[in-house]
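Protein chains get the first letters and strands the later ones, always in sequence-line order, with residue 1 at the start of each. Side chains are part of it too, since the values below use all heavy atoms of this structure and drop only hydrogens, waters and symmetry mates.
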Protein chains: 2
Amino acid sequence: METKTARLALTGLAHDTRLAIFRLLVPAGPEGLPAGELGDQLHLAAATLSFHLKELRHAGLVSQQRAGRSIFYAADYTAMNGLIAYLTENCCQGVACTPAAPAAARYAKNSRAVRHRKSRGQT
Amino acid sequence: METKTARLALTGLAHDTRLAIFRLLVPAGPEGLPAGELGDQLHLAAATLSFHLKELRHAGLVSQQRAGRSIFYAADYTAMNGLIAYLTENCCQGVACTPAAPAAARYAKNSRAVRHRKSRGQT
DNA sequence: ACAATATTTCTAGAATACTGGAAATATGGA
DNA sequence: TCCATATTTCCAGTATTCTAGAAATATTGT
């Protein structure tokens with residue numbers, strides 16, 4: 001997953017209402033839940049719910065499918081796994097998961113950090 | 001990790017600049033990088049950088065330590081792992097990771113979703 | 001004590017996001 | 001066709017977040 005996609009997904013989840021919506025959709029499985037059910041459970045004005053569902057869809061986190069008068073929303077597990085994978089890579093890189101690469105070595109010889117280390121007599 | 005904590009962390013990362021900052025800090029290891037180095041690399045006005053660093057700190061994603069005139073910021077791997085754990089639980093619950101629980105069964109007998117399923121002759 | 005460096009806090013303007021009423025759209029049933 | 005239901009789009013007001021100049025703070029070297 002690219003950084004831009006990850007950021008979209010992060011933005012999607014970075015709101016109380018949207019996180020709550022997503023958390024309701026996750027256990028609901030691939031069939032999902034109709035918009036109205038989400039509104040009932042979260043006590044949201046229809047327009048507000050619709051706004052957040054659009055955001056989640058834009059973020060690629062949920063899919064939409066009409067069935068009769070209702071529109072069912074479902075969590076996109078692939079997108080979520082992609083986000084987790086992205087974060088895992090950006091969390092473990094060179095630290096917890098891999099054998100701890102020497103971080104300082106990767107920075108420009110004259111970087112501020114290196115100058116600082118030198119001035120302190122560190123390697 | 002609680003939902004509130006997770007949301008704070010998500011909000012912390014849900015911004016281009018802050019995600020970029022965090023991505024620079026991750027490979028830098030526990031020693032971290034001085035603020036100025038981050039500013040140099042990301043071409044940020046000092047005040048803007050400081051604002052985002054404060055946000056990241058408030059989100060519990062980075063720690064701060066003064067060393068001489070510089071202030072070093074470091075990624076908090078524990079917080080990041082906590083976030084990943086939270087997302088993993090909220091992604092896999094009853095679906096991908098566990099043996100796929102019957103989602104519909106968990107909803108109120110008279111929920112909109114159930115009414116809808118009944119009206120379609122589904123179980 | 002003073003000057004230079006690194007960074008933060010203060011502040012206000014600009015940009016973006018959120019909320020919800022009202023109107024519009026889509027569907028199914030009488 | 002007409003009505004009820006489910007949901008979205010439109011829109012405007014409100015709130016929050018972002019940006020960056022200027023001033024303030026902290027530290028080090030002279």
Side-chain angles (χ1 to χ4, degrees), chain A residues 7-21 24-25 32-59 62-74 110-121, chain B residues 7-21 24-25 32-59 62-74 110-121:
Chain A
R7 225 231 52 199
L8 258 178
L10 287 166
T11 303
L13 296 172
H15 188 277
D16 280 326
T17 300
R18 288 194 297 267
L19 187 51
I21 290 171
L24 281 179
L25 291 181
L33 293 173
E37 170 91 13
L38 295 166
D40 288 354
Q41 295 209 21
L42 300 173
H43 308 291
L44 296 170
T48 304
L49 173 65
S50 202
F51 168 82
H52 288 301
L53 285 172
K54 188 156 83 172
E55 292 290 297
L56 285 169
R57 216 150 74 86
H58 179 234
V62 307
S63 61
Q64 197 189 39
Q65 198 188 350
R66 180 179 280 275
R69 272 183 284 221
S70 296
I71 297 181
F72 278 67
Y73 284 87
N110 257 17
S111 76
R112 199 186 285 243
V114 170
R115 286 199 309 277
H116 191 277
R117 275 180 211 109
K118 277 182 183 156
S119 74
R120 286 159 101 198
Chain B
R7 226 232 49 200
L8 259 177
L10 288 165
T11 304
L13 296 172
H15 188 275
D16 280 327
T17 300
R18 289 195 297 266
L19 188 52
I21 291 172
L24 281 179
L25 291 180
L33 293 173
E37 171 91 13
L38 294 165
D40 288 355
Q41 295 209 21
L42 299 173
H43 308 291
L44 296 170
T48 304
L49 174 64
S50 202
F51 168 83
H52 288 302
L53 286 172
K54 189 156 83 173
E55 291 288 300
L56 284 170
R57 216 151 72 86
H58 179 235
V62 307
S63 62
Q64 197 189 40
Q65 197 188 352
R66 181 177 280 276
R69 271 182 286 222
S70 296
I71 296 181
F72 279 67
Y73 284 87
N110 257 15
S111 75
R112 200 186 281 244
V114 171
R115 287 201 306 278
H116 190 279
R117 275 180 212 107
K118 276 183 183 156
S119 76
R120 286 159 99 199

Separation of C:dT9 P from B:H52 NE2 (nearest whole Å): 15 Å
Whole angstrom value for the distance that separates P of D:dT19 from NZ of B:K54: 15 Å
d(CG, A:L49; P, C:dC18) in whole Å: 14 Å
Separation between CG of B:L53 and CD1 of B:I21, rounded to the nearest 0.5 Å: 4.5 Å
Euclidean distance, atom CG of residue B:L56 to atom P of D:dT17 [Å, nearest integer]: 14 Å
Those residues that, when tested against A:S63, pass side chain to side chain contact (heavy atoms under 4.5 Å, CB included) (two or more places apart): A:A74
Whole angstrom value for the distance that separates C1' of D:dT9 from CG of A:L53: 14 Å
Proximity to the side chain of B:R18 - top-ranked nucleotide from D:dT8, D:dC18, C:dT7: D:dC18
Closest listed nucleotide, where the reference is the side chain of B:Q64 and the choices are C:dT8, C:dC18, C:dT7: C:dT8
Euclidean distance, A:L44 CG relative to A:L38 CG, rounded to 0.5 Å: 8.5 Å
Interface residues of residues 7-16 of chain B with DNA chain D (non-hydrogen, below 4.0 angstrom): B:H15
Output side-chain donor-acceptor pairs under 3.5 Å for residues 45-52 of chain B, partner residues at least two apart or in another chain, one line each.
| from | atom 1 | to | atom 2 | distance (Å) |
| --- | --- | --- | --- | --- |
| B:H52 | ND1 | B:R18 | NH1 | 3.1 |

Bending between helix ends of the helix from C:dA1-D:dT30 to C:dA30-D:dT1 [5 pairs per end, 10° resolution]: 20°
By side chain to side chain contact (heavy atoms under 4.5 Å, CB included) - contacts of A:Q64 (at least two apart): A:R57, A:I71, A:Y73
Side chain to side chain contact (heavy atoms under 4.5 Å, CB included) involving B:A9 - partner list, sequence neighbours excluded: B:L61, B:L83
Candidate nucleotides D:dC18, C:dT7, D:dT8, ranked by approach to the side chain of B:I71 - the nearest: C:dT7
Listed partners of B:R7 passing side chain to side chain contact (heavy atoms under 4.5 Å, CB included), at least two apart: A:D16, A:L19, B:T11
Gap between atoms CZ and P, on B:F51 and C:dT9 respectively (whole Å): 12 Å
Distance below 4.0 Å between B:T17 side-chain N/O and D:dC18 OP1 or OP2: no
Polar-atom pairs under 3.5 Å, protein N or O versus N or O of nucleotides 21-30 of chain C: list them with distances, or write none.
none

d(CZ, A:F72; C1', D:dT5) in whole Å: 14 Å
Protein-nucleotide distance (B:L44, atom CG; C:dA6, atom P), rounded to Å: 16 Å
